[in-house]
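Inspection log for the structure reproduced underneath, given as structure tokens.
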Amino acid sequence: MNDEVASEVVQQTPPAAALRGEARKNALSLEGIARGYKTGSGVLPVLKDANLSVAAGEMVALVAPSGAGKSTLLHVAGLLEHPDSGEVRICGQPASRASDDERTSLRRRQIGFVYQFHHLLPEFSALENLVLPQMIAGLRRREAEKRARELLGYLHIEQRATHRPAELSGGEQQRVAIARAVINAPRLLLADEPTGNLDPHTAEHVFAALKSLVRESGLAALIATHNYALAAEMDRTVTIENGAIVPAKATPL
């Protein structure tokens with residue numbers, strides 16, 4: 001990502017160099033997390049004493065089989081679900097027992113999400129899907145549009161800025177969703193197969209953009225993926241075994 005676009009996207013975030021030492025804290029800490037779901041035959045445990053930290057400027061790949069608990073882990077980390085026990089800390093702030101309003105505020109200010117499906121607002125254009133969250137955060141429309149157009153330009157979809165999601169291809173929709181996730185300079189990015197709907201060339205380009213943002217801004221990223229080549233480019237890879245988070249064994253590309 002070129003310096004001009006990157007600086008616009010992350011202008012609200014201190015550079016990685018400023019996050020060294022005492023200031024360079026974990027953006028995400030999961031401490032002894034347990035989470036299960038009630039079924040007809042009892043409680044099905046999914047996470048058991050799960051522990052994970054993701055530091056500023058770090059990319060962590062989460063690779064695990066379907067049903068192992070990847071989505072549950074992301075939902076707990078993103079404050080979308082309460083753990084049954086344990087603590088979730090976002091930028092050092094405990095959140096497990098925070099009120100719903102406090103969790104919503106923390107999620108809005110500190111966390112960016114990229115879902116497996118784009119979840120764009122269908123009645124708004126690609127540009128408007130990026131402008132609205134910035135204006136909600138207090139940015140003026142002119143500046144919000146400037147930042148949005150530059151990010152769409154970097155992702156090579158500036159020519160589709162006025163198109164609504166239904167008029168975009170699947171890959172274009174996902175690129176807009178990724179742009180929306182980082183447009184307000186969160187400190188933590190949680191992603192579920194962020195390049196899963198993209199062709200290999202576009203996926204490589206989008207991942208390079210994400211990697212640049214992480215390195216330059218101090219953004220921390222936890223990315224669930226089945227793409228082993230993508231996982232190999234991150235700082236480390238973890239998986240879920242028997243409800244615990246453990247380092248993943250080496251896998252063939």
Side-chain angles (χ1 to χ4, degrees), residues 25-117 119 177 181 186-196 210 214 219-228 230-232 234-251:
K25 297 180 179 179
N26 291 322
L28 171 67
S29 296
L30 303 178
E31 304 167 359
I33 297 297
R35 182 73 171 109
Y37 300 96
K38 293 182 179 180
T39 67
S41 57
V43 176
L44 173 66
V46 178
L47 299 176
K48 296 181 288 185
D49 194 26
N51 298 277
L52 177 68
S53 294
V54 184
E58 183 180 28
M59 299 185 80
V60 177
L62 173 61
V63 179
S66 297
K70 295 193 302 297
S71 294
T72 297
L73 177 61
L74 290 174
H75 288 170
V76 170
L79 309 184
L80 296 172
E81 293 186 24
H82 288 272
D84 297 326
S85 62
E87 185 61 78
V88 180
R89 297 182 187 274
I90 305 296
C91 300
Q93 182 174 340
S96 294
R97 285 168 287 280
S99 69
D100 288 343
D101 286 345
E102 290 170 334
R103 287 164 63 88
T104 297
S105 176
L106 190 58
R107 190 165 57 241
R108 182 182 298 126
R109 290 183 290 106
Q110 304 286 18
I111 305 174
F113 294 90
V114 181
Y115 299 99
Q116 189 168 6
F117 302 100
H119 294 301
R187 302 304 297 275
L188 172 65
L189 177 69
L190 301 174
D192 185 358
E193 295 288 351
T195 62
L210 285 174
V214 169
L219 176 69
L222 176 60
I223 301 176
T225 182
H226 287 102
N227 186 327
Y228 293 114
L230 185 153
M234 300 191 216
D235 297 303
R236 56 191 170 101
T237 302
V238 299
T239 189
I240 301 173
E241 291 183 1
N242 299 317
I245 302 171
V246 299
K249 298 177 181 178
T251 54

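All values reported here derive from a predicted model rather than from experimental measurement.
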Polar side-chain atom of [X] near backbone of [Y] as donor-acceptor pair, under 3.5 Å:
{"X": "N51", "Y": "D49", "value": "yes"}
{"X": "R35", "Y": "L73", "value": "no"}
{"X": "S105", "Y": "D101", "value": "no"}
{"X": "E102", "Y": "A95", "value": "no"}
{"X": "D84", "Y": "G36", "value": "yes"}
{"X": "R103", "Y": "R97", "value": "no"}

Output all residues satisfying salt bridge (charged side-chain N to carboxylate O under 4.0 Å, His left out) with D235, sequence neighbours left out; order by chain, then residue number. R215

Minimum-distance pair of heavy atoms, taken over all atoms of [X] and [Y]:
{"X": "G78", "Y": "F113", "answer": "O-CZ, 3.3 Å"}
{"X": "L219", "Y": "P186", "answer": "CD1-O, 3.2 Å"}
{"X": "K70", "Y": "A64", "answer": "NZ-O, 2.8 Å"}
{"X": "I33", "Y": "G86", "answer": "CD1-C, 3.8 Å"}
{"X": "L62", "Y": "T239", "answer": "CD1-CA, 4.3 Å"}
{"X": "G243", "Y": "A50", "answer": "O-CB, 3.8 Å"}

If you round to the nearest 0.5 Å, how far is [atom2] of [Y] from [atom1] of [X]?
{"X": "L230", "Y": "T195", "atom1": "CG", "atom2": "OG1", "answer": "5.0 Å"}
{"X": "Q110", "Y": "C91", "atom1": "CD", "atom2": "SG", "answer": "4.0 Å"}
{"X": "L79", "Y": "R108", "atom1": "CG", "atom2": "CZ", "answer": "12.5 Å"}
{"X": "L52", "Y": "I245", "atom1": "CG", "atom2": "CD1", "answer": "4.5 Å"}
{"X": "E58", "Y": "L28", "atom1": "CD", "atom2": "CG", "answer": "10.0 Å"}

How would you list, by chain and number, every residue that makes a side-chain hydrogen bond (donor to acceptor under 3.5 Å, both in side chains) with Q93, sequence neighbours excluded? none

Can you check whether H82 reaches D100 side chain to side chain, under 4.5 Å on heavy atoms? yes

Checking [X] now: which residues fulfil side chain to side chain contact (heavy atoms under 4.5 Å, CB included) with it, not counting sequence neighbours?
{"X": "S29", "value": "N26, E31, S53, R89"}
{"X": "S66", "value": "H226"}
{"X": "A231", "value": "A61, V63, T225, T237"}
{"X": "A221", "value": "M59, L189, V214, I223"}

Set out, in order, the CA-CA distance, both residues' side-chain angles and the distance that settles side-chain contact (heavy atoms from CB on, under 4.5 Å) for L80 and R107, then state yes or no. CA-CA 9 Å; L80 296 172; R107 190 165 57 241; 3.8 Å; yes

Show your working on side-chain contact (heavy atoms from CB on, under 4.5 Å) between L74 and L222 and close with a plain yes or no. CA-CA 8 Å; L74 290 174; L222 176 60; 4.0 Å; yes

